[in-house]
Protein chains: 2
Amino acid sequence: MPSTPLRADARRNRARLLDAAREVFAEAGLDASLEEIARRAGVRVGTLYHHFGNRTALVDAAIAPRVEAWVERVEEALAHPDPWEGLVEHLTLLAEWQTADRGFTEVCVRTLPADSATERAKARGHACYAELIARAQAAGALRPDVSPADVGLLVWAAVRATEGVRALAPDAWRRHLGVLLDGLRADRATPLPGGALDPATVRAAMTFP
Amino acid sequence: MPSTPLRADARRNRARLLDAAREVFAEAGLDASLEEIARRAGVRVGTLYHHFGNRTALVDAAIAPRVEAWVERVEEALAHPDPWEGLVEHLTLLAEWQTADRGFTEVCVRTLPADSATERAKARGHACYAELIARAQAAGALRPDVSPADVGLLVWAAVRATEGVRALAPDAWRRHLGVLLDGLRADRATPLPGGALDPATVRAAMTFP
DNA sequence: GCGGAACTTGAGGGCTACCTCAAGTAGTAC
DNA sequence: GTACTACTTGAGGTAGCCCTCAAGTTCCGC
């Protein structure tokens, strides 16, 4: 894990490793083979470890920018004039991104070390996202008995569920999201059992290796 | 894979292997380590292979009875006087079982060889289950624009989504199922994008190794 | 209580993955 | 153009998994 300005070849290899990592994580998730990433970057695995030290560091470096891009989108969603529309558009975007990138999908429900760039970005995003939910509830559009974690997990579930049929029915997730959104509207709600999932529970449950 | 009447010790070991397999598959899914299963049965892995030949045969022998039990329950659900109530109770049961048994969960969305006991049971169950769905739709309770596969995947998704928080919030799946069921009710459903998932698509997408 | 078949074992070959490190290679600063 | 050293490599140790098979052990019918 060098810190002084990198040599030209090293800089090139580092960039290639990050590109390969993003590709492979997107296809195979965060537990994908590091050997495969090195292979795709045209480099030996020793080089990968020279740059990143361990899997977690590589995941963080590869995924953080993606999470940061997501944070920007949550912020934009908050600016939408209609609270319900803003929420729906954002959840759809989230599902779209998750469909296209398994690494991103997994990072949404797993926790990296607290001092990682990814987790710092997520913390910012979560604050906005909670506001997005609260705003839709305050407007009377979103049922009041769900937490941000509930909604997030539901979207994640719709994506996961349709993963298997993706090759044959690439837009199946849109249907499932449609059913969910109907279930989330305040004007159709029947009372839910138990209490809403709180962030602490969710966080405690989802820590990376 | 012997066929003549088994010797006493062999019968005992076979039973132990099946018990261990059910336990391990329930905890870790159908890709669990066969070495671990042999270990837990107090037997070497060679014995496991002597009895079952390969992983698929063991999965089939271990899981088929569970699927057959499920089929009985679908048949019972069809006898429920209220189509919607019958469906809801059955989906709840299905989710309960999936929560308790990861092997069962996976066998719901993966396909074993067509001549396996498991697949033969599933075929019977699916026929009843499709009728259960159709009946609820005919009664005007279930939205007409979802297929049996859609509903099955949605339930599966609710279970999967809450897997991570199970230790801390064991009943989280009930809330998610609640949201789904609200989304599945026919009254005030908003139209879904795309067409319903058909069984052929789902089957083609989900074939075991 | 013995012979032979049924069963189990232990060892092992092949694979993939993780991660390490001494030794060699090649940018870069001068 | 040389010398320094950051960087890369190749080889390798560990570990887990899959599955096979010859040799040894245990049951069971007679």
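Hydrogens, waters and symmetry mates play no part in the numbers below; they use all other heavy atoms, side chains included. Each chain gets a letter, A, B and so on, in the order its sequence line appears, and its residues count up from 1.
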Asks: Just N and O in the side chain of B:His50: are any of them under 4.0 Å from OP1 or OP2 of D:dC21?
Replies: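 The answer is no; no side-chain N or O of B:His50 sits under 4.0 Å from OP1 or OP2.
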Asks: Ignoring backbone atoms, establish whether B:Tyr49 has a side-chain N or O less than 4.0 Å from OP1 or OP2 of D:dT20.
Replies: no
Asks: Rounded to whole Å, how long is the line connecting atom CG of A:Asn54 with atom P of C:dC18?
Replies: 12 Å
Asks: Is it true that A:Arg124 and A:Glu72 make a salt bridge, defined as a side-chain N closer than 4.0 Å to a carboxylate O?
Replies: no
Asks: Output yes when B:Glu163 and A:Arg160 qualify as a salt bridge under the 4.0 Å nitrogen-oxygen rule, no when they do not.
Replies: no
Asks: What's the closest nucleotide to the side chain of A:Val45 if the choices are C:dT20, D:dT8, C:dT8?
Replies: C:dT20
Asks: Using the six-membered ring wherever Trp is involved, compare the ring planes of A:His90 and A:Trp70 and label them parallel, tilted or perpendicular (cut-offs 30° and 60°).
Replies: tilted
Asks: May I have the distance from B:Asp31 (atom CG) to D:dG16 (atom C1'), rounded to whole angstrom?
Replies: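 Spelled out: CG on B:Asp31 to C1' on D:dG16 is 15 Å.
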Asks: Find the distance B:Phe52:CZ to C:dT8:P and express it as a whole number of Å.
Replies: 11 Å
Asks: Check every atom of C:dT28, D:dC19, D:dT26 against the side chain of B:Leu34 and return the nucleotide holding the closest atom.
Replies: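 Of the candidates, D:dC19 comes closest.
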Asks: What's the closest nucleotide to the B:Ala10 side chain, out of C:dG27, D:dC18, C:dC7?
Replies: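 The answer is C:dC7.
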Asks: For B:Val146, is there any backbone N or O sitting under 3.5 Å from a side-chain donor or acceptor partner on B:Gln137?
Replies: yes
Asks: How many whole angstroms separate atom CZ of A:Arg16 from atom C1' of D:dT8?
Replies: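 In whole Å, D:dT8 C1' and A:Arg16 CZ are 13 Å from each other.
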Asks: Of all the choices, D:dT8, D:dC27, C:dT9, which nucleotide is nearest to the side chain of B:Thr47 once you look at every atom?
Replies: C:dT9
Asks: Please report the distance, rounded to the nearest Å, between CZ in A:Arg55 and P in C:dC19.
Replies: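 In whole Å, C:dC19 P lies 7 Å from A:Arg55 CZ.
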Asks: Provide the closest heavy-atom pair for A:Val107 versus A:Lys122 in the form atom of the first, atom of the second, distance.
Replies: O-NZ, 2.8 Å
Asks: Please check if the side chain of B:Gln98 supplies one atom and the backbone of B:Val159 the other of a donor-acceptor pair under 3.5 Å.
Replies: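 Side chain of B:Gln98 to backbone of B:Val159: no pair is present.
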Asks: Find the distance B:Arg39:CZ to D:dC17:P and express it as a whole number of Å.
Replies: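 So the CZ-P distance, B:Arg39 to D:dC17, works out to 6 Å.
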Asks: How is B:Arg44 classified with respect to the nucleic acid when contacts are heavy atoms under 4.0 Å: base, sugar-phosphate, or nothing?
Replies: sugar-phosphate
Asks: Can you tell me the distance, in whole Å, between the CZ atom of B:Arg12 and the P atom of D:dT26?
Replies: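 Checked: the CZ to P distance equals 12 Å.
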Asks: Measure the distance from CG on A:Leu6 to P on C:dA26 and round it to the nearest whole Å.
Replies: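 Atom-to-atom, A:Leu6 to C:dA26, this comes out as 19 Å.
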Asks: Between A:Asn13 and D:dT8, is there a contact of a side-chain N or O with OP1 or OP2 at under 4.0 Å?
Replies: yes
Asks: How do B:Arg11 and B:Glu36 order along DNA chain D: which one's closest nucleotide is nearer the 5' end?
Replies: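 Per heavy-atom nearest nucleotide, the more 5' residue is B:Glu36.
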Asks: At under 4.0 Å between heavy atoms, what does B:Ser33 touch on the DNA or RNA strands: base, sugar-phosphate, or nothing?
Replies: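 Sugar-phosphate, no base atom in range.
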Asks: So which nucleotide from C:dA17, C:dT9, D:dC7 ends up closest to the side chain of A:Glu35?
Replies: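 Looking only at side-chain atoms, A:Glu35 lies closest to C:dA17.
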Asks: By nearest atom, which of the nucleotides C:dT28, D:dT20, C:dT9 is closest to the B:Val43 side chain?
Replies: C:dT9
Asks: So which nucleotide from D:dT5, D:dC18, C:dT8 ends up closest to the side chain of A:Arg7?
Replies: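 The answer is D:dT5, which lies nearest to the side chain.
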Asks: Under 4.0 angstrom, heavy atoms only, what part of the nucleic acid is A:Ala38 near: base, sugar-phosphate, or nothing?
Replies: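 Contact class for A:Ala38: none.
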